[in-house]
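All values reported here derive from a predicted model rather than from experimental measurement.
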Amino acid sequence: MVSKGQEGLELEVMRMLLAGENPVLEKLRTQFEHVQSITREMTGVGFYANFKLHENVEAITSAHSLRFGDVQANIEGLEHGAGFVLHVLEGYLSCLEGYSYDEPWPSEFNNFSITYIGGNVRDLSDLGVK
């Protein structure tokens, strides 16, 4: 278990979602390095972390929209854990969505652990990121 709270959870999830040898993921990692601010919308069963990027950030080459999420978490206060989806809109990081499975998102937590849905090894072919 890692002890970091909401912001630490988001950063660790993003690190795992953007990991891997793939041109799209490499460009998204560069975009994430240029996030100017993050606004959070708590939904009661999860959150949206909306990214504001520096204006000079380059879009991914294909400039398309996509969503993917192969990361899950065990979080203190959630019996069934959590899932995540990264939203890319018109070639730019848009937001990270986190959600619980039919239970309230904890208002505060200290401990969590994160894995890929398939275990410790990630299968990039299942992501649809090309």
Side-chain angles (χ1 to χ4, degrees):
M1 291 287 227
V2 176
S3 178
K4 295 182 184 175
Q6 180 72 33
E7 288 182 15
L9 171 70
E10 293 169 12
L11 288 173
E12 192 64 22
V13 168
M14 287 298 295
R15 184 190 67 76
M16 288 184 70
L17 284 171
L18 299 177
E21 296 294 322
N22 175 287
V24 171
L25 293 174
E26 289 172 17
K27 181 74 77 170
L28 293 174
R29 280 194 298 272
T30 299
Q31 287 185 8
F32 191 62
E33 291 171 3
H34 293 91
V35 169
Q36 288 186 316
S37 64
I38 300 173
T39 58
R40 287 172 190 82
E41 175 188 346
M42 303 306 290
T43 66
V45 293
F47 66 90
Y48 292 97
N50 300 293
F51 305 117
K52 182 179 186 315
L53 301 174
H54 188 277
E55 62 188 36
N56 294 331
V57 171
E58 187 178 330
I60 55 177
T61 307
S62 54
H64 63 290
S65 299
L66 60 110
R67 294 179 297 180
F68 63 93
D70 62 339
V71 172
Q72 61 189 1
N74 289 315
I75 300 173
E76 178 181 52
L78 289 180
E79 182 178 345
H80 304 292
F84 305 90
V85 176
L86 183 61
H87 297 261
V88 177
L89 182 60
E90 298 177 1
Y92 296 97
L93 286 174
S94 175
C95 78
L96 173 64
E97 175 184 1
Y99 55 88
S100 64
Y101 297 99
D102 199 30
E103 58 187 319
W105 191 264
S107 59
E108 292 183 22
F109 58 89
N110 291 315
N111 298 309
F112 62 85
S113 62
I114 301 173
T115 61
Y116 289 111
I117 290 174
N120 292 327
V121 178
R122 186 177 204 189
D123 184 0
L124 290 175
S125 66
D126 288 343
L127 284 185
V129 177
K130 299 176 182 156

Check your understanding: Should L17 and D70 be marked as a side-chain contact (heavy atoms from CB on, under 4.5 Å) after you check the CA-CA gap, both sets of side-chain angles, and the distance that decides it?
Key -> CA-CA 7 Å; L17 284 171; D70 62 339; 3.7 Å; yes
Practice item. Starting from the C-alpha separation in whole Å, work towards a yes-or-no answer on side-chain contact (heavy atoms from CB on, under 4.5 Å) for K52 and T39. Key: CA-CA 8 Å; K52 182 179 186 315; T39 58; over 6 Å; no
If you draw a 6.0 Å radius around [atom1] in [X], do more than 12 non-hydrogen atoms from other residues or ligands fall strictly inside?
| X | atom1 | value |
| --- | --- | --- |
| E26 | CD | yes |
| Q36 | CD | yes |
| Y48 | OH | no |

Point to revise | Joint hydrophobic cluster, M42 plus L9, side-chain heavy atoms closer than 4.5 Å | key: yes
Check your understanding: V85 and Y101: same hydrophobic cluster, using ILVMFWY side-chain contacts below 4.5 Å?
Key -> yes
Check your understanding: Do any N or O atoms from the side chain of S100 and from the backbone of V45 form a donor-acceptor pair under 3.5 angstrom?
Key -> yes
Side-chain touch [X]/[Y], heavy atoms, less than 4.5 angstrom:
| X | Y | result |
| --- | --- | --- |
| I114 | Q72 | no |
| I60 | L66 | yes |
| S94 | V88 | no |
| L86 | L18 | yes |
| F47 | E41 | no |
| Y92 | E58 | no |
| Q6 | E108 | no |
| L93 | F32 | yes |

For the student: nearest non-hydrogen atoms of [X] and [Y], plus distance:
| X | Y | result |
| --- | --- | --- |
| Y116 | A19 | OH-CB, 3.7 Å |
| V57 | Q31 | CG1-CG, 3.2 Å |
| A49 | I38 | CB-CG2, 3.8 Å |
| P104 | L78 | O-CD2, 3.2 Å |
| T30 | H34 | O-ND1, 2.8 Å |
| N110 | E76 | N-OE1, 2.8 Å |

Review point. How are the rings of Y99 and F84 set relative to one another: parallel (under 30°), tilted (30 to 60°) or perpendicular (over 60°)?
Key: tilted
Review point. Does the side-chain contact (heavy atoms from CB on, under 4.5 Å) test come out yes or no for E90 and H64, once each step is laid out?
Key: CA-CA 5 Å; E90 298 177 1; H64 63 290; over 6 Å; no
Check your understanding: Passes side-chain contact (heavy atoms from CB on, under 4.5 Å), R15 versus L11? Steps please.
Key -> CA-CA 6 Å; R15 184 190 67 76; L11 288 173; over 6 Å; no
Check your understanding: Which value, rounded to the nearest 0.5 Å, describes the distance between R40 atom CZ and L96 atom CG?
Key -> 9.5 Å
Practice item. Show your reasoning for whether salt bridge (Lys or Arg N to Asp or Glu O under 4.0 Å) applies to E97 and R67. Key: CA-CA 10 Å; E97 175 184 1; R67 294 179 297 180; over 6 Å; no
